[in-house]
Participant: 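Just dropping this structure here.
These numbers were taken from a predicted model, which means no experiment stands behind them.
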Amino acid sequence: MKSIARTFAFSLGIAATTIFLIMLGLFIWRYPTEEREFRACQVVAAVLDRATVIEGQRLIIRSTPALEELKLDSPNLWYVVSAGDLLSEYGSEHRPPLPFVLPYHGPIGSSVFSTLDQKSTFCLSAVQRGPLRLAMMVGEPQVRFGRIARTFLLRRVFSIALVALAFAATVAIGSALAARFVSRSIERVARRALAIDPSAPQGLISLSEVPRELKPLVEALNRAFGEIDAYIRMQRRFLGNAAHQLRTPLTLLRAKIEDVPEPALKAELVRDVRRLTSLVSAMLDLARLQNHAIEKRPIDLAQITLDVLADFSPSALDAGIELALEHEGRGPSVVQGVDAAIRSALANLVGNALIHAHGARRIVATIGCDGVAIHDDGAGLPDGAEHRLTEPFQTGNAAGAGAGLGLSIVREIMAAHGGELVVASAPGYGTTMRLRFAAAAGPARSAQLDLQEH
């Protein structure tokens, strides 16, 4: 689609140029009568001057296309041409009494005079032709508009060019300012739209902030945001209600499984119910995060990370994986957040690394200036898999355990804290999952934890 500002300026420029030409044509057409007569006089004098030839004692008016056109357009045309005592006349039957003696021997110049009976006017033009003075008196000429306009434009080409340039500059500046106003209005609406949180789009764009022409667009955007908000609320409400309603049947099912006589079948059923229970708990956690605001307090990120690694040390020992805590430089380790939520996010990341990091021998938690990163030296993820892991019900290993909601919950926790979950992986080089907080403050703590037992 073309630029609105460019299209607007181009269209306005064409319209302004057309208006200028029309105004110029009207001005020439409605030229003051005296001035038109004078311009017509100059045109006719120029035609007669080019047609006049002096041969010895003869003054000849040659037939030229311009002169024949003038005679054709002027049925009452008359003219008298003299050079010294030589004289040539046309249309004498239409010539009224003149205030000059023929042949004319007056000064050089051009002017329009009235006849003796004051009923009409005639043109007098005298030019120097060698040693002779060529005088031309013309009456009742009907000069075509094009000739007058051409003469007018040729004599005033510089002035017209200046006026046209000033007019074009005015139009260009006006169109640029108008286009700038339109662009800024659209940018203001776009900024307001981008400021609305897609996960909770309750804030609408005020119609008082936009021009009248953009109000239909803004009304449509507000309506769309309202429908999205209603849909998100309904979806979250359904997720929470469904998870809550599933808890009771799962509890009853687990009690009935205790009566299963076959040990192998019982163990398989217990494992499946445990997985369903984990899924329901994760769905409830996700619903709570999405529907409730959090109250932040200063949290020691290094201490929380240390506690989480200590909780997972038995599982890591059984899997033969080393857990370590490191500090990256002397960055701060205090962030604003909810202790339980951050513990849950870190537990998800460490648990995921223990379960899904195939071939990993070491998992390192690194405290940095903007958060904490969990890195394993396992096989890594397939190309492009890291972008799907934060979506609900997506897992890195389809055959492995887990509901696929862990990283989705971590992402929601970080979003609630104004931060983000960043996943980076490469096949053969392991996976790094970083909890990046928007702001951190507090002194750095140096700690090194080696939880592997030799």
Participant: Kindly check if the number of other-residue, nucleotide or ligand heavy atoms within 6.0 Å of CD (Glu262) is above 12?
Facilitator: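 No, the 6.0 Å shell around CD holds no more than 12 heavy atoms from other groups.
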Participant: At what distance, to the nearest 0.5 angstrom, does CD1 of Ile342 lie from CD1 of Ile413?
Facilitator: 8.5 Å
Participant: Nearest 0.5 Å, what's the CG-CG distance between Leu253 and Leu269?
Facilitator: 7.5 Å
Participant: For the pair Glu140 and Lys71, find out whether any cationic side-chain nitrogen is under 4.0 Å from an anionic carboxylate oxygen.
Facilitator: no
Participant: Apply side chain to side chain contact (heavy atoms under 4.5 Å, CB included) to the pair Leu77 and Val138, showing each step before the final yes or no.
Facilitator: CA-CA 8 Å; Leu77 176 68; Val138 186; 3.7 Å; yes
Participant: To the nearest 0.5 Å, what is the distance between CD1 on Ile299 and CZ on Arg343?
Facilitator: 8.5 Å
Participant: Taking the side chain as everything from C-beta on, heavy atoms only, tell me whether Val44 gets closer than 4.5 Å to Val47.
Facilitator: no
Participant: Search all heavy atoms of Thr432 against all heavy atoms of His375 and return the closest pair with its distance.
Facilitator: OG1-ND1, 2.7 Å
Participant: Any chance you could measure Leu349, atom CG, to Met433, atom CE, to the nearest 0.5 Å?
Facilitator: 6.5 Å
Participant: Between Leu435 and Leu346, is there a side-chain heavy-atom distance shorter than 4.5 Å?
Facilitator: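 Contact flag for Leu346/Leu435 side chains = yes.
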Participant: What closest approach, in Å, do Ile374 and Ala365 show between heavy atoms, and which atom pair accounts for it?
Facilitator: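 For Ile374 and Ala365, the tightest heavy-atom pair comes out as CD1-CB, 3.5 Å.
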Participant: Is there a side-chain contact between Thr121 and Phe113, using heavy atoms and a 4.5 Å cut-off?
Facilitator: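 Side chain of Thr121 against side chain of Phe113, heavy atoms only: no contact under 4.5 Å found.
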Participant: Should Asp370 and Arg434 count as side-chain neighbours, where that means a heavy-atom distance under 4.5 Å?
Facilitator: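 Of all side-chain heavy-atom pairs linking Arg434 with Asp370, at least one is under 4.5 Å.
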Participant: With rounding to the nearest 0.5 Å, note down the distance linking CD in Glu420 to CZ in Phe437.
Facilitator: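 Result: 11.5 Å between the selected atoms.
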Participant: May I ask you to test the Met136-Leu124 pair for a side-chain heavy-atom distance under 4.5 Å?
Facilitator: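 Met136 vs Leu124: side chains apart.
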Participant: Could you tell me which non-hydrogen atom of Thr431 sits nearest to which non-hydrogen atom of Gly380, and how far apart they are?
Facilitator: OG1-CA, 3.6 Å
Participant: So, for Val334 and Pro298, which heavy atoms are closest and what is the spacing to 0.1 Å?
Facilitator: CG1-CB, 4.1 Å
Participant: Measure the shortest side-chain to side-chain distance between Arg411 and Leu407 over non-hydrogen atoms and say whether it is less than 4.5 angstrom.
Facilitator: no
Participant: side-chain contact (heavy atoms from CB on, under 4.5 Å) with Val350: which of Ile355, Thr305, Leu309?
Facilitator: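 For Val350, the side-chain contact (heavy atoms from CB on, under 4.5 Å) check succeeds only for Leu309.
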Participant: Please check this pair: side chain of Ser74 against backbone of Pro141, looking for a donor-acceptor N/O pair closer than 3.5 Å.
Facilitator: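 Not a single qualifying donor-acceptor pair exists.
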Participant: Less than 4.5 Å apart, any side-chain heavy atom of Asp376 and any of Ile321?
Facilitator: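 With C-beta onward as the side chain, the pair stays apart.
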Participant: Could you tell me the separation between the CG atom of Asp49 and the OG atom of Ser125, rounded to the nearest 0.5 Å?
Facilitator: 7.5 Å
Participant: Between the side chain of Asn348 and the main-chain N/O of Ser344, is any donor-acceptor distance below 3.5 Å?
Facilitator: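 Yes, Asn348 side chain to Ser344 backbone: donor-acceptor pair under 3.5 Å.
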Participant: Less than 4.5 Å apart, side chain to side chain, heavy atoms only: is that true for Ile257 and Lys266?
Facilitator: yes
Participant: Kindly say whether Arg362 contributes a backbone atom to a donor-acceptor pair with the side chain of Asp377 at under 3.5 angstrom?
Facilitator: yes
Participant: Take Phe312 and Leu354 through the side chain to side chain contact (heavy atoms under 4.5 Å, CB included) test and state the conclusion after the steps.
Facilitator: CA-CA 9 Å; Phe312 278 95; Leu354 287 172; 3.5 Å; yes
Participant: Pair Thr64, Arg50 - check side chain to side chain contact (heavy atoms under 4.5 Å, CB included), show working.
Facilitator: CA-CA 9 Å; Thr64 63; Arg50 285 191 294 269; 5.9 Å; no
